[in-house]
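Below is one structure; the comments refer to it alone.
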Amino acid sequence: MKKVVLGFSGGLDTSYCVKYLSEEKGYEVHSIIVNTGGFTGEELKSIEAHAYKLGVKTHTTIDAVKSYYDRVIKYLIFGNVLKNNTYPLSVSAERLVQALHIAEHAKALNADAVAHGSTGAGNDQVRFDMIFHIMVPGVEIITPIRDLRLSREEEIAYLQQKGVDMNFAKAMYSINKGLWGTSVGGRETLNSKGLLPEEAWPTQVTKTGSEEIKLTFEKGELKAVNGKTFDHPADAIQHLSSIAGPYGIGRDIHVGDTIIGIKGRVGFEAAAPMVIIKAHHALEKHVLTKWQLSWKDQLAQFYGNWLHEGQILDPVMRDMEAFFQNSQANVTGDVFVQLHPHYFQVIGIESGFDLMSSKFGKYGEMNTGWTGDDVRGFSKIFGNQTSIYHQVAEAAGKS
């Protein structure tokens with residue numbers, strides 16, 4: 001019997017895929033769920049039980065939270081990556097890690113095919129397909145929901161006919177939670193105008209007033225929050241989320257260009273990612289040079305866009321990651337952040353690598369490293385070529 005590895009979430013689409021692939025196509029189905037921070041232990045056990053009840057041959061749960069950070073999130077922080085200056089790539093980043101693990105599982109099982117439950121309308125289909133083509137070339141990719149153009153009602157009718165007992169009620173809002181943020185989609189995001197109501201947000205605002213927190217970075221990575229150290233930065237991210245999330249921090253709506261050429265709109269909440277990126281960037285502005293910051297900004301924009309479009313396996317990504325990693329050698333210190341309901345402020349930093357030192361002068365006040373005559377000479381030389389250009393242009397215009 002031919003084997004197929006199915007990326008499985010336990011929802012309607014992937015439940016349909018199990019029944020269709022096993023009973024209509026005759027495959028031995030091996031389901032796999034890759035947890036990138038969106039499931040509790042109890043939820044994972046429930047999904048596993050559901051998979052076996054549907055008839056899978058084997059079900060595998062992969063804890064990818066830490067590898068997700070090591071493989072992707074770390075570099076999103078190093079690059080201060082925000083898609084369109086807004087979105088921290090919450091879902092797009094985790095889909096790539098999930099696809100990589102699914103492909104690796106298909107290799108290990110020597111599977112004849114690999115399957116996912118994406119429709120034909122969004123970005124995920126491209127991300128999964130592309131990684132499978134690269135990682136397991138020649139292995140058939142099966143996508144029943146996309147290929148059969150199934151409606152939700154048709155899927156429900158099929159599963160009910162097969163005697164499947166599960167919750168078929170459609171939630172008003174589609175929520176995808178992970179370590180690097182949670183996406184929220186609903187009727188308000190289907191149009192170009194509209195805000196998500198308070199009840200749509202998974203994390204409700206329960207904190208009032210304000211509080212100051214201290215984030216400790218070592219070579220660009222978050223290692224401690226308020227003096228509490230963590231074995232892995234992923235643990236620090238989750239802890240910070242529990243502090244900042246109840247303030248309603250990190251909520252926004254992103255409008256972006258999809259891989260397939262249409263524009264999409266989605267709500268998201270990303271308290272920890274937004275605080276970390278802004279705090280990290282503030283620290284960098286103190287400890288990096290002008291041109292380090294400039295080139296990082298340029299590379300980060302390309303890196304974020306290319307990652308969003310599924311190109312995590314392009315070798316140029318490793319080249320840029322090497323640059324990011326090297327740039328973090330002095331990004332060590334404490335960043336102080338004030339949290340308020342719905343917003344936060346970076347108060348300042350403390351670092352032994354701070355280039356804003358009074359030993360070298362105070363901006364707008366007295367300098368100690370040069371004289372007025374030094375600046376006069378520098379200004380003349382620095383603008384010399386532009387001065388020549390204007391003098392030549394003026395002379396040519398008069399001739």
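Predicted, not measured: the structure shown is a model, and the values here were computed from it. The figures that follow rest on heavy atoms only: side chains count, while hydrogens, waters and symmetry mates do not.
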Pairs satisfying salt bridge (Lys or Arg N to Asp or Glu O under 4.0 Å), at least one member in residues 122-147, at least two apart =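 Every salt bridge (Lys or Arg N to Asp or Glu O under 4.0 Å) pair that includes a residue of residues 122-147, provided the two are not neighbours, is Arg95-Asp124, Asp124-Arg127, Asp129-Arg146.
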
May I ask you to say whether Lys45 pairs ionically with Glu48, meaning some side-chain N is under 4.0 Å from a carboxylate O?
->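 Salt bridge absent between Lys45 and Glu48.
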
Using 4.0 Å as the upper bound for N to carboxylate O, is an ion pair formed by Glu350 and Lys214?
->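 Salt bridge flag = no for Glu350 with Lys214.
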
Check whether any side-chain N or O of [X] sits under 3.5 Å from a backbone N or O of [Y] as a donor-acceptor pair, and report yes or no.
X	Y	value
Thr14	Gly10	yes
Arg149	Gly120	no
Thr203	Pro246	no
Arg251	His342	no

Residues that Asn305 engages under side chain to side chain donor-acceptor pair (under 3.5 Å), provided they are two or more places apart |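 Asn305 satisfies side chain to side chain donor-acceptor pair (under 3.5 Å) with Lys83 once adjacent residues are dropped.
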
With sequence neighbours excluded, what pairs up with Tyr343 under the ring pair (Phe, Tyr, Trp, His ring centres under 6.0 Å) test?
->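 Partners of Tyr343 by the ring pair (Phe, Tyr, Trp, His ring centres under 6.0 Å) criterion, ordered by chain and then number, come out as His340.
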
For Tyr158, check ring pair (Phe, Tyr, Trp, His ring centres under 6.0 Å) against everything at least two apart and list the hits.
->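 With neighbours one apart ignored, the set is Tyr16.
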
Which distance, rounded to the nearest 0.5 Å, do you find between the NZ of Lys3 and the NE2 of His30?
->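 These two atoms lie 5.5 Å from each other.
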
Closest contact, heavy atoms only, Leu355 versus Leu288 |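 Nearest heavy atoms, Leu355 then Leu288: CD1-O, 3.6 Å.
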
Of the non-hydrogen atoms in Val139 and Ala113, which two are nearest, and what is the gap between them?
->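 The answer is CG1-CA, 3.5 Å.
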
Centroid separation Tyr303 to Phe324 less than 6.0 Å =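 Centroid distance Tyr303-Phe324: below 6.0 Å, so yes.
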
Where at least one partner belongs to residues 274-283, residue pairs that pass side chain to side chain donor-acceptor pair (under 3.5 Å), sequence neighbours excluded =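 Counting only pairs at least two positions apart or across chains, the side chain to side chain donor-acceptor pair (under 3.5 Å) contacts touching residues 274-283 are Asn80-His280, His280-Gln328.
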
Which of parallel (below 30°), tilted (30 to 60°) and perpendicular (above 60°) describes His116 and Phe132?
->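 The arrangement is tilted - the two ring planes meet at 30° to 60°.
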
Any side-chain heavy-atom pair of Ser327 and Phe78 under 4.5 Å =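 Contact flag for Ser327/Phe78 side chains = no.
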
Check the side chains of Thr371 and Asp374 for a donor-acceptor pair under 3.5 angstrom, ignoring hydrogens and angles.
->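 Yes, because at least one side-chain N or O of Asp374 sits under 3.5 Å from a partner of the opposite role on Thr371.
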
Under 4.5 Å side-chain linkage, directly or through intermediates, the cluster mates of Ile347 =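 Ile347 clusters with Phe336.
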
Where do Arg318 and Glu321 land on the salt bridge (Lys or Arg N to Asp or Glu O under 4.0 Å) test, with the steps shown first?
-> CA-CA 5 Å; Arg318 306 293 83 77; Glu321 288 164 3; 2.8 Å; yes

